[in-house]
Amino acid sequence: MAAAATMLSIQGDWDQVLREAEGEVWVSCKIPGKPTIRGSLTSKGISSDEVPEVTASEEFVVQEVTKNRIPVSCPGENISCTFLSPYASFSHIHGKNVSYLDISSGGDLGVSSSTDQTFKVWETHNTEVKSVLEGHTRDVFSCKFFPSGQEVLSGGLDSLVKVWSVNDGSCLATMKGHRGSILDIAVVADGQNVISSGQDGTARLWDSAQGACIAVVDDSYSPINAIAVAEVGNAVNLGSPKETPSNGEVGTEGKLVVLAREDKSLEGVSLHSRQSVFDFEGSDAFNCCTFISSVGVLAGGLDGNIIHVDIRNPKSAVETVSWSETPVLSLVPFRDTYVASYGNGTCYIPLKGSEQVLQLTGPNRQPVFQVAAWKKLVYTCCRDGFIRKYEIPDLG
């Protein structure tokens, strides 16, 4: 198990409070095995360009504050962190928890679902709802755009996988076969085939146009909480199919699907041959997974650990990091690094080649269920009902 990292934390609404005269927010440095260092930051006024002038209590140092960014360090522990607040937050799209979201490949549309059983497509530049997707009878747990940005894939508590038109909100296909909730979905290549994983322990490959199940890619007793698929080429031996693939199977060659399970296992399966390529055992149930390269996979656990596995040598993790003891809920590639969200409302972007991280603020200890990224923008959805939009500065 990874040793917990020393981490800095700040009050979630720091950017608002420090715009007030004498506004004060808490800041802390949590050191494993030692008492937490607690302090405060105080606003001494606002400059002409509306940037707060901030002083720090003993043990902490603040430098180069902007409207939505504040670097804080604790020199005594040799640690620093830059905190970034959202430049836009909105809660009008849904009435309750926002449980999932995705952004289209063109960046102009978002899709999100909520525990209020609403499921909507909206425009990112003004957050106006474009279409309401109605057809699931219970909560939608996962929703993703097709590469074209014209269709959306979804799965949820009603055990159904559906394909939707973005333009008019109509349901184009419904896929039935799972015996429990759909926990995750993925689009293969251009979307002629899609994959779903469920509470029933199966991962299924579908013909999205016909709504037909092509194959059960994996069948185990343990729920598959998350899946990720990517082209890996000749990096590993993917095997050959024992039977001739059906005409409905398109674009599965050279692809590996990673299955993150409740039983602590992370398995890679050849999508074309259905053969197991690797099986890695973690320290707790896996909640999420993603490819960060053609050979690198990240998986986040219930215990807060993020493990990095090289599919060419999966016997041991390349690296294991732990920024929080709360569950890792989402992992998304971003530029040459990634974004991780946690059950305590924190979101971290590690700076490549450095031990420093950029921390996204806003949620007040409310779980951030999902993250989506497009170019320099990062979107998050939270139990507090807010979707937040961040503009990430140069991480160099």
Side-chain angles (χ1 to χ4, degrees), residues 68 85-158 160-175 181-187 191 194 196 208 329-330 332 339 341 345 347 360 362-364 366-392:
N68 67 337
S85 66
Y87 83 82
S89 301
F90 38 99
S91 60
H92 64 277
I93 293 177
H94 300 285
K96 291 185 179 179
N97 308 358
V98 187
S99 49
Y100 207 96
L101 91 163
D102 191 28
I103 302 298
S104 66
S105 58
D108 56 330
L109 295 175
V111 62
S112 53
S113 61
S114 168
T115 54
D116 65 6
Q117 295 193 3
T118 60
F119 178 29
K120 302 178 181 180
V121 176
W122 39 274
E123 297 179 352
T124 55
H125 72 283
N126 59 12
T127 71
E128 289 186 4
V129 174
K130 180 179 177 68
S131 56
V132 178
L133 312 181
E134 296 179 324
H136 280 288
T137 58
R138 304 183 74 179
D139 291 357
V140 172
F141 287 162
S142 185
C143 51
K144 293 177 182 176
F145 281 100
F146 281 67
S148 67
Q150 298 303 307
E151 296 173 334
V152 166
L153 181 68
S154 66
L157 192 58
D158 60 5
L160 301 177
V161 180
K162 288 179 175 285
V163 178
W164 307 84
S165 167
V166 164
N167 292 325
D168 61 11
S170 61
C171 182
L172 303 176
T174 298
M175 289 155 267
S181 302
I182 309 299
L183 300 180
D184 202 6
I185 50 177
V187 178
V194 298
S196 59
S208 62
L329 301 182
S330 175
V332 174
V339 189
S341 73
C347 288
L360 309 183
N364 186 18
Q366 297 287 310
V368 175
F369 295 121
Q370 184 64 32
V371 174
W374 183 78
K375 293 191 175 180
K376 62 181 179 181
L377 301 177
V378 168
Y379 296 77
T380 67
C381 66
C382 183
R383 190 169 70 182
D384 62 10
F386 279 87
I387 293 172
R388 294 178 171 87
K389 185 177 182 180
Y390 302 82
E391 185 170 351
I392 310 302

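Atom set for the values below is all heavy atoms of this structure, side chains included, hydrogens, waters and symmetry mates excluded.
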Please check if any side-chain donor atom of D116 sits under 3.5 Å from a side-chain acceptor atom of S114, or the reverse. yes

Could you tell me whether a side-chain N or O of H94 sits under 3.5 Å from a main-chain N or O of K120, the two making a donor and an acceptor? no

My understanding is that only residues two or more places apart in sequence, or in another chain, count here; which of them pass side chain to side chain donor-acceptor pair (under 3.5 Å) with E391? K376

Can you name the closest pair of heavy atoms from V194 and V187 and give their distance? CG1-CA, 4.3 Å

Provide the closest heavy-atom pair for A173 versus S208 in the form atom of the first, atom of the second, distance. CB-O, 3.3 Å

With salt bridge (charged side-chain N to carboxylate O under 4.0 Å, His left out) as the rule and sequence neighbours excluded, what pairs involving residues 92-101 come up? none

Evaluate the side-chain proximity of S341 to T380: yes if any heavy-atom separation is below 4.5 Å, no if none is. no

When rounded to the nearest 0.5 Å, the distance separating CZ of F369 from CG of L101 is 12.0 Å

Mind checking what makes side chain to side chain donor-acceptor pair (under 3.5 Å) contact with S91, not counting sequence neighbours? none

Please give me the minimum heavy-atom distance between P363 and C382, naming the atom from each residue. CB-SG, 3.8 Å

Could you list the donor-acceptor pairs under 3.5 angstrom formed between side-chain atoms of residues 141-153 and any protein atom two or more places apart in sequence or on another chain?
{"unit_1": "S142", "atom_1": "OG", "unit_2": "D184", "atom_2": "OD1", "d": "3.3"}
{"unit_1": "K144", "atom_1": "NZ", "unit_2": "D184", "atom_2": "OD1", "d": "3.3"}
{"unit_1": "K144", "atom_1": "NZ", "unit_2": "I185", "atom_2": "O", "d": "2.6"}
{"unit_1": "S148", "atom_1": "OG", "unit_2": "Q150", "atom_2": "N", "d": "3.2"}
{"unit_1": "Q150", "atom_1": "OE1", "unit_2": "N167", "atom_2": "ND2", "d": "3.4"}

Holding to side-chain contact (heavy atoms from CB on, under 4.5 Å), I want the full list of residues that pass it with T124, two or more places apart in sequence or in another chain. I103, W122, Y379

Do you know which two heavy atoms are closest between S99 and Q370, and how far apart they sit? O-CB, 4.4 Å

Quick one: pull up OG in S170 and CG in L172 and give me the separation to the nearest 0.5 Å. 4.5 Å

For residues 133-140, dump all side-chain donor-acceptor pairs below 3.5 Å to protein atoms at least two apart in sequence or in another chain.
{"unit_1": "H136", "atom_1": "ND1", "unit_2": "D158", "atom_2": "OD1", "d": "3.2"}
{"unit_1": "H136", "atom_1": "ND1", "unit_2": "D158", "atom_2": "OD2", "d": "2.9"}
{"unit_1": "H136", "atom_1": "NE2", "unit_2": "S154", "atom_2": "OG", "d": "2.7"}

Rounded to the nearest 0.5 angstrom, the NE2-CG distance for H125 and D108 is 9.0 Å

Tell me the closest heavy-atom pair linking V98 and G385, and the distance in Å. CG2-O, 3.5 Å

Going by side chain to side chain donor-acceptor pair (under 3.5 Å), name the residues that satisfy it together with D384, two or more places apart in sequence or in a different chain. R388

Considering residues at least two apart in sequence or located in another chain, which fulfil the side chain to side chain donor-acceptor pair (under 3.5 Å) criterion with T174? K162

When rounded to the nearest 0.5 angstrom, what distance separates CZ in F119 from OG in S112? 8.5 Å

Working to the nearest 0.5 angstrom, can you tell me the gap between F386 CZ and F90 CZ? 10.5 Å

Identify the two heavy atoms, one from S89 and one from P86, that lie closest to each other, and give their separation to 0.1 Å. OG-CG, 3.5 Å

Is there a side-chain contact between L109 and V111 (heavy atoms, below 4.5 Å)? no

